[in-house]
Structure formats: structure tokens, C-alpha cells
Amino acid sequence: MNKNSYAEHLATLCHRYDAILETCGYESLNVYSGAPGVRFLDDNYYPFRVNPHFKALVPLTNNPHSWVIYRRGQRPQLLFYRPVDFWHYVPPAPQTFWSDHYDIELIADAADAKRFLSDKNAAFIGEATKLDGWKLGEHNPEALISRLHWARAYKTPYEMDCLRQANRIAVKAHHAAEQAFRNGVSEFEINLAYLEAAAQGENQLPYGNIVALNHHGSILHYTHLSTQRLPETELRSFLIDAGADYHGYCADITRSYAYKPDEFADLIAAMDNMEQELVAALKPGLAYPDLHRECHLKTAQILRQFGIIKSSPEGAVESGLSRSFLPHGLGHFLGLQVHDVGGHQTAAEGGTTPPPAEYSFLRTSRTIEVDQVFTIEPGLYFIDSLLESLKNSDLGSEVHWDKVDSLRPYGGVRIEDNVIVHADHVENMTRDCF
Ligand code: GLY
Ligand code: MN
Ligand code: MN
């Protein structure tokens, strides 16, 4: 990673943090990395997930019991936990592209942090588990967190580079996964091929991979990873939604494949084309929910084109018929978290703008602006429970059920890319790597 790009990034963050702290009336910020939780009645730990506000400042994702102390107008301080421990791996003191920008204190004991922390005009951001009695300042003040979340929607050039690199890693692994699918191995084995190619373990990835053969593609968050290999005669389709991490930034990519050239392959091609049209339609000033509506119209056109529904595309959107085939949102902010924060936020100060009532699962109600990063992920599924309700509703007569039944065993299609909105064009980080 380019040292200058990080330096510029940190300068932007300091500028933002100084203004936000001043507005909210704080002099300093105590940001805790967090610590792994202990499993119930056990002496093992849950996988550690760092506080996103910590990794927003310092690109460390796996160093619990650490702190960033940010004082307005000053160089940030990092309390880096480095115990004397012969049971576990202990990371070396940081000496990398970002470390010169911090005053680093190595703490051998988690409680040593107390010597550096102060609650004077301070705010604390983090989970306060096992920090009883610590002097930390006001815990997670909403006014402060809202402003930080709002700012995170506008990515710096360094962040864009991290997101591009996360895409590069994920796309390489998607290629390996497709090859494994074509070799006829199980979902579990396809996932192993993905992890190996990404060189990232499950706990490092931003979310649990969705690796779905055949009808499993209709389960939106299918993370079961069956170990069963299917005979070649039964292999029909493959949907994979899998990401990667780079310095704490996430990729979130979905691809769908047909095993043979058949009608489902044509459906994937139509969805792929439609997804690219939606990406091209992103532009500053457009309300994201309007693009979501456009996505429903295009989905309904495909449903009609493939003889799945009888209604006109406009009628299928109006009646809600298209929602039985596309029950999730068009996409979301992407960054330090896979569903990055602030998608429903009304203003920097806070407030919530809910998505349109008929599209309650849409994670983004904001107007699109330059430097924002989104996923665009239209889908079309054959979901048994939704189809059952549809069949028993007034809209049931608007569906060609024989066609639905022929496509049901394929599960569904989703195509998901990660894009940056620039002033004069949309950058598709994912397609740039495929
Ligand atoms: N992988 C979760 C999502 O696409 O939102
Ligand atoms: Mn996804
Ligand atoms: Mn997504």
C-alpha cells in the first residue's frame, strides 16, 4: 500500500475528526478495538471482530485489547497490545506504511491501557465489556457516532485503493470457485478452493460465504456448505456470494453460473446485462430507491420475456408481483463493513429516512453522491415459500406455473458488483478484475 496515499487518508480523517469533536464538544476520543468474547460455559473464544471505528483509524483487524486515543489537533496515539504469552501468537510491534503516523505504546497487559486513557472531555467508542470502572468518557454518544457514520460514506483515494484490492483478491478466488464447480465437487470443497485462492480464512472474510448449488441458490443467505458431491447429471447451477478483506475493507461479490448452455444460462445472461445497465445508471443526484424501482421494472421485463409471468412489466411492479421473485434490495454502501453504515441516515446530525414501505429491505434510502461506494446486486429467485404464498394470492393467476416449476430446481440468479461513483463516470471495481 502506498505510504503517501495513507498519509493523505489520515490527514482527511484528522480533519473530519477535529471538526466532529469540536461540534460535539469533546477534546478526545478513546476508541477500543474490542476483545474476543468467551463461549458460554467454555474456555474458548468466539472469533474476534474488531470495532469498525478502530479499524477506520488504524488498519489493524486482529489485535484485541488495543486503543486509539485521538486528541483534537494532535498526532493519534496507538496503544498496541503485545502480551508476553507463550500460548498464542504475538504480533510484532507495527512497522509498516501507517505506523509512523502514530505514537505507539506497547502494552503487555490489557489493564495497562488505563494509564493512558482519560475521561476528561472525552468520548468512548466501543463495546465496554469487562471495562467496568475504567475512566473512558461518555459512552458511544449518538451525536458523535452519527457524524462519523455520515462521513464514512465518502471514501478517500486510499480507501478506494483498499476496496479495489479486496475486489482483486475476491475475483481471483471467484475464478477458482467456478473451476471447482465445473469439476463437480461439493459446496464445502468449492468453498475450500475459494479460501485457498483468496489466502483468507473464514474468520477473516467479511461475511460467511454463500456457496449454493442448484436449488440452494434460492436461499438468500445459504451458508450451510453441504459436503455432498452431486452426480454430473444433477449439476444445474451455482450461485456464489463471497468477498475478501484488505486492510479492513470489504469486497462483496456474487456470480451465478449454469452448468450447461440452457434456458437458465440465458436467464443469467439477461440478468448480467441488466445489472450492467443498472451500474451505468448510477449517477450523483439520483435517489438510490429510484434505481431500486428501475431494477424491479427491469426484473419484471425479464420475467415476462422468459414467459414466467403474464402481467405487463409495469403491472408486475405496481401489483407487487415482482417482489415475489426479487425480495431483497438493489444494494448497499460498502466499506469497512459489508453493509456499511449510514444507508438510512438523513443527515450528518442523524435521523433516519426509511426506505419506501413496499421495499422495506432496501438498505439505502440516500441520494447518490460522488465518492460513495455501493454494491449493485439484482437477483431473481424461485423461492418455495414466497411462490407458495403467491400461488394462493390474487396474483397467482398472473404466473405461468409450469415455467416456474421448470426453473425452480436452479434456485436463482444474483449478480453483484462493487462500484465507485465518480463525478463523470462509474467505476466497476469488480468487472475491472474479472
Ligand atoms: N453478501 C451479503 C450481501 O450481498 O449483502
Ligand atoms: Mn453479497
Ligand atoms: Mn451485498
Side-chain angles (χ1 to χ4, degrees), residues 49 52 152-153 155 163-164 166-175 177-178 187 190-191 194-195 198 200 202-212 216-225 237-246 248-257 268 271-272 274-276 278-279 282 288-289 291-292 295 299 326-344 355 359-366 368 372-381 383 411-421 426 428-431 433-434:
R49 285 282 164 172
R152 262 175 51 191
K155 269 55 179 185
L163 289 159
R164 288 183 190 108
N167 265 261
R168 262 175 226 125
I169 297 166
V171 167
K172 182 170 169 236
H174 270 263
H175 284 309
E178 184 195 357
E187 293 165 350
I190 295 172
N191 192 48
Y194 185 96
L195 299 178
Q200 298 194 358
E202 274 162 332
N203 294 331
Q204 195 182 348
L205 293 177
Y207 55 91
N209 285 350
I210 295 166
V211 178
H216 291 158
S218 71
I219 302 168
L220 295 181
H221 285 167
Y222 175 85
T223 51
H224 175 67
L225 298 174
S237 58
F238 174 42
L239 184 154
I240 173 164
D241 183 342
D245 173 278
Y246 188 72
Y249 290 84
C250 309
D252 176 11
I253 299 172
T254 309
R255 286 294 180 269
S256 301
Y257 303 97
I268 292 173
M271 291 293 291
D272 191 64
M274 181 258 249
E275 192 264 356
Q276 293 185 68
L278 291 167
V279 169
L282 274 164
Y288 197 90
L291 196 59
H292 176 83
C295 172
T299 305
L326 170 53
H328 63 68
L330 170 62
H332 48 84
F333 279 148
L334 181 73
L336 288 162
Q337 289 164 257
V338 63
H339 298 149
D340 216 12
V341 288
H344 292 156
Y359 300 122
S360 58
F361 294 116
L362 183 58
R363 288 192 163 93
T364 317
S365 53
R366 301 250 306 248
I368 297 161
Q372 291 180 340
V373 173
F374 294 98
T375 67
I376 295 289
E377 49 180 304
L380 193 167
Y381 312 88
I383 301 172
V413 181
R414 180 164 64 258
I415 316 279
E416 177 175 26
D417 286 343
N418 304 164
V419 304
I420 307 175
V421 179
V426 179
N428 190 328
M429 294 182 279
T430 311
R431 299 249 172 193
C433 302
F434 258 103

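Hydrogens, waters and symmetry mates play no part in the numbers below; they use all other heavy atoms, side chains included. Please read these numbers as outputs of a predicted model, since none were measured by experiment. For ligands, and for the atoms within them, numbers begin at 1 and follow the listed sequence.
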Note to self: Ring-plane angle category for His332 and His339, please: parallel below 30°, perpendicular beyond 60°, tilted otherwise.
What the structure shows: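 It falls in the perpendicular class, over 60°.
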Exercise. Would you call the rings of Phe374 and Tyr288 parallel, tilted or perpendicular if under 30° counts as parallel and over 60° as perpendicular?
Worked result: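 Judged by the thresholds at 30° and 60°, the geometry between Phe374 and Tyr288 is parallel.
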- [ ] Take the Mn ion (ligand 3) and tell me which protein N, O or S atoms are nearer than 2.8 Å.
- [x]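 Sorted hits: Asp252 OD2, His332 NE2, Glu377 OE2, Glu416 OE2.
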Quiz prompt | Any residue meeting salt bridge (charged side-chain N to carboxylate O under 4.0 Å, His left out) with Arg366, in chain and number order, not counting sequence neighbours | solution =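 None.
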Margin query: Holding to ring pair (Phe, Tyr, Trp, His ring centres under 6.0 Å), I want the full list of residues that pass it with His292, two or more places apart in sequence or in another chain.
Written below: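 His292 satisfies ring pair (Phe, Tyr, Trp, His ring centres under 6.0 Å) with His296, Tyr359 once adjacent residues are dropped.
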Exercise: do [X] and [Y] side chains pair donor with acceptor under 3.5 Å:
X: Thr375; Y: Asp252; value: no
X: Glu187; Y: Asn191; value: no
X: Asp241; Y: Tyr222; value: no

Determine, step by step, whether Val426 and Ile420 satisfy the side chain to side chain contact (heavy atoms under 4.5 Å, CB included) criterion, reporting the C-alpha distance in whole Å, the side-chain angles of both residues, the deciding distance to 0.1 Å, and the verdict.
CA-CA 6 Å; Val426 179; Ile420 307 175; over 6 Å; no
Does the pair Glu275/Arg431 count as a salt bridge with the N-to-O cut at 4.0 Å?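 The answer is yes: the pair qualifies as a salt bridge.
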Taking a 3.5 Å cut-off between nitrogen or oxygen atoms, can you list every pair linking ligand 1 to the protein, with distances?
residue, atom, partner, partner atom, Å
ligand 1, 1 (N), Asp241, OD1, 3.2
ligand 1, 1 (N), Asp241, OD2, 3.1
ligand 1, 1 (N), Asp252, OD1, 3.1
ligand 1, 4 (O), Asp241, OD2, 3.3
ligand 1, 4 (O), Asp252, OD1, 3.3
ligand 1, 4 (O), Asp252, OD2, 3.2
ligand 1, 4 (O), Glu377, OE1, 3.0
ligand 1, 4 (O), Glu377, OE2, 3.4
ligand 1, 4 (O), Glu416, OE1, 3.3
ligand 1, 4 (O), Glu416, OE2, 3.2
ligand 1, 5 (O), His332, NE2, 3.1
ligand 1, 5 (O), His339, NE2, 2.7

